[in-house]
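Inspection log for the structure reproduced underneath, given as structure tokens.
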Amino acid sequence: MSAPVIPPDGTIVQTFKRSFVDVPIDADKDNAIATTEFLDAAESLTTIFDVLGGVAFSPVKSDLNGNIKKLRDRQLAAPADSTTIQDLVRNELATKKHTATEGLLWLVRGLEFTCIGLSSNIAKESEELADSFRAAYGSTLKPHHSFMVKPIFSAAMSATPYRQTFYAKLGNDQEKVKVEMRAYLMALEKVVGILKGFLDSKDAKW
């Protein structure tokens, strides 16, 4: 998979089909998150891994896309019951199935891993990506991975490009890249926080 083409004077955020900044959250309905927009934003995020290193990060990207597909499949099977992510989960669990719900659990872990890794790296300008992502992996995905999966993800961390190389690929104007990435990651962090809280609730247990 080739890395996204950044428009002149643009940033990688502008190449996304959907940004997390634009995912509707209904505060009046217990922070209900719109399903289609959330899945489009999650899918767009996976293109960041093509910039980080297509081959090394293909297992990470594949994992995220596999879980997105589980949620899309449920949405297609029961569109009227799947307008929001929370409704999709509740209605799936009512059928005594949990394929999409389990997919959401792993997707949120993967999104949190990415969010923490990138946010930490942008905040610490002297830190290399490999260190930021290793720390993020340790606090998000690693505790849930088997001994067979851990080395695959560890290899991906070690194969990350130098920060200077990575950020240069996100856009020519580095200040603009940082401003847009910070806004994007803050929106992602909010979505992840809402969904983690929901997944911890009795409504999402199977």
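Side-chain N/O atoms of T36 and Q75 include a donor and acceptor closer than 3.5 Å.
A salt bridge is absent between K196 and D200; no separation between the charged side-chain nitrogens and carboxylate oxygens falls under 4.0 Å. A salt bridge links E125 to K178: one of the charged nitrogens lies within less than 4.0 Å of a carboxylate oxygen. A salt bridge links R90 with D87; the closest basic N to acidic carboxylate O contact falls under 4.0 Å. Between K17 and E43 there is no salt bridge, since none of the side-chain N atoms of the basic residue sits less than 4.0 Å from a carboxylate O of the acidic one.
Residues I116 and F57 fall into different hydrophobic clusters, defined by Ile, Leu, Val, Met, Phe, Trp and Tyr side chains chained together at heavy-atom separations under 4.5 Å.
Looking only at distances, no side-chain donor or acceptor of S154 sits under 3.5 Å from a matching main-chain atom of P151. When atom types are taken as modelled, the side chain of T114 and the backbone of G110 share a donor-acceptor pair closer than 3.5 angstrom.
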Would V51 and I12 count as a side chain to side chain contact (heavy atoms under 4.5 Å, CB included) here? Give the steps.
CA-CA 10 Å; V51 182; I12 191 169; 3.8 Å; yes

Could you please spell out the steps behind the side chain to side chain contact (heavy atoms under 4.5 Å, CB included) verdict for I6 and T15?
CA-CA 7 Å; I6 312 293; T15 71; 4.1 Å; yes

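In this structure K29 satisfies the side-chain hydrogen bond (donor to acceptor under 3.5 Å, both in side chains) test with no other residue, sequence neighbours excluded.
F153 and F113 have perpendicular rings, their planes meeting at more than 60° on a 0 to 90° scale where under 30° would count as parallel.
Checking R163, E128, E127 one by one against N121, the side-chain hydrogen bond (donor to acceptor under 3.5 Å, both in side chains) holds for a single residue, R163.
Sparse packing is recorded around NZ of K96, with 12 or fewer heavy atoms of other residues, nucleotides or ligands lying under 6.0 Å away.
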